[in-house]
Amino acid sequence: VSRPAAPGAALGAALGSAVRVEQQAVYAYGVVAAHQDRADRRTALRRLAEHESRRDGWAALLHAMGVSPPAGAPAYALPFAVTDRATAAALAVRVESAVAGAAWDLVAASPPGSPARSGAVRALADAATWLLHWQRAGGAATPPVALPGAPG
Amino acid sequence: VQEDRPVRLTRRTVLLLPLAAAGCRAGKRRRLPASVRADRALLATAIAAERRLLAAYDTLTPPDSARPQHAAHLAALLARWPAPGAPPSPPSVGAPADLAATLRAGIGPLSAAALAAHDGAVAAVLASVAAAHAAAVEPLP
């Protein structure tokens with residue numbers, strides 16, 4: 001008989017996932033930035049720094065729970081070849097979708113009013129805004145995502 | 001040692017059983033937990049706001065209509081409404097004239113509702129709707 005996970009375990013798992021997604025986002029944004037012109041490179045590097053900050057923030061919350069955050073990898077496999085600005089924008093869309101998903105899970109797993117819930121609500125809003133930015137930068141004709149981060 | 005004895009149903013107990021069951025249901029309705037009542041209030045506000053937005057899209061018919069997105073928001077919020085009953089209908093007020101300003105004004109309350117919601121699934125939907133509204137009208141953070 002399986003028991004439902006304790007609230008602390010669910011929060012720890014969601015925070016661990018959020019750290020892993022942010023680690024991948026930091027790596028991916030290095031690739032995205034490398035395929036931009038000067039102005040857009042600055043924009044991409046700004047977002048890279050935000051992902052670093054958020055990764056460290058989630059890791060600090062895990063430490064406070066007495067849990068070691070997952071270690072990052074030196075490199076990650078990209079889901080497709082990034083060769084120009086369009087494919088770089090598509091990668092950024094993929095990254096922000098994953099970040100939004102992790103934030104959704106963290107909102108759901110965290111107690112009301114907690115630092116984790118508050119940070120996750122902000123992270124979800126930021127990811128949705130950047131997701132739309134990169135959709136437009138890539139010239140995508142798809143409409144904005146109705147429910148950013150929602151599973152399925 | 002318990003003795004197996006057949007339960008005797010008299011005419012009176014049979015007649016009173018449905019009344020007792022109805023009383024239990026009514027009692028349960030009254031005893032809706034405070035956390036659920038609080039989440040219902042948060043959802044009711046968000047649902048009313050989305051309904052007003054949809055009414056505004058129907059009135060103003062902007063060329064780049066985000067109506068399907070807001071219809072999806074309303075459906076997701078309604079799906080999280082805890083039984084029993086349905087959310088109250090919003091009072092009939094005029095549709096907002098400035099959609100962007102209305103969306104922008106709703107981001108803070110939706111985010112606050114997401115922070116306060118007791119049910120994690122309710123909180124996630126509220127946060128996602130707030131995020132979608134922010135993406136539609138806010139510049140890059």
Side-chain angles (χ1 to χ4, degrees), chain A residues 5 7 10-11 14 40 42-44 46-47 49-51 53-54 92 96-97 99-137 141-152, chain B residues 33-36 38-39 41-42 46 50 53-54 57 62-80 103-104 106-141:
Chain A
L11 177 57
D40 288 340
R42 272 201 297 272
T43 304
R46 184 159 62 84
R47 183 57 173 156
E50 288 174 7
H51 283 301
S53 171
R54 207 145 255 153
E96 296 299 349
S97 297
V99 169
W104 170 292
D105 292 342
L106 190 48
V107 169
S110 52
S114 64
R117 172 78 68 87
S118 171
V121 169
R122 277 199 306 275
L124 186 47
D126 289 351
T129 305
W130 281 96
L131 175 58
L132 188 58
H133 167 79
W134 289 115
Q135 274 186 318
R136 287 173 176 162
T142 50
V145 178
L147 285 165
Chain B
S35 60
V36 177
D39 280 3
L42 298 173
E50 287 297 329
L53 273 170
L54 286 170
Y57 277 101
D64 56 341
S65 177
R67 194 188 192 289
Q69 280 81 42
H70 293 293
H73 296 168
L74 179 59
L77 291 164
L78 288 171
R80 286 291 157 206
L103 280 172
R104 197 172 286 114
I107 295 167
L110 275 169
S111 300
L115 182 60
H118 291 82
D119 185 303
V122 170
V125 171
L126 289 165
S128 185
V129 173
H133 287 197
V137 293
E138 297 284 0
L140 285 179

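Computed from a predicted structure; not experimentally measured.
Listed here is the closest heavy atom pair of Pro148(A) and Ala132(B): CD-CB, 3.9 Å. Residues Ala117(B) and Pro112(A) share a closest heavy-atom pair of O-CB, 3.3 Å. Here the closest non-hydrogen pair linking Leu115(B) and Arg117(A) is O-NH1, 3.4 Å. Counting all heavy atoms, side chain and backbone alike, Ala125(A) lies closest to Ala131(B) at CA-CB, 3.5 Å.
Highest contact tally toward chain A, considering only Ala72(B), Ala114(B), Ala130(B), Ala66(B), is held by Ala114(B) [criterion: heavy-atom pairs under 4.5 Å]. Heavy-atom pairs under 4.5 Å with chain A peak, among Glu138(B), His118(B), His73(B), His70(B), at His73(B). Here Pro144(A) is the residue among Pro144(A), Ala150(A), Gly149(A) with the most heavy-atom pairs under 4.5 Å with chain B.
Looking at Thr43(A), the atoms closer than 4.5 Å to chain B (heavy atoms on both sides) all sit in the side chain, from C-beta outward. Of the atoms belonging to Arg46(A), it is side-chain heavy atoms, and not backbone ones, that fall under 4.5 Å from chain B. Using a 4.5 Å cut-off between heavy atoms, Pro68(B) does not touch chain A at all. Residue contact with chain B, scored on non-hydrogen atoms closer than 4.5 Å, involves the backbone and the side chain of Leu147(A) alike. The part of Ala116(B) that comes within reach of chain A is its backbone (N, CA, C, O), which places non-hydrogen atoms under 4.5 angstrom from that chain. Contacts of Val125(B) with chain A are made by both backbone and side-chain atoms, with heavy-atom separations under 4.5 Å.
With Ser128(B) as reference, Leu124(A) is the one residue of Val145(A), Leu124(A), Val121(A), Val107(A) to meet the side chain to side chain contact (heavy atoms under 4.5 Å, CB included) rule.
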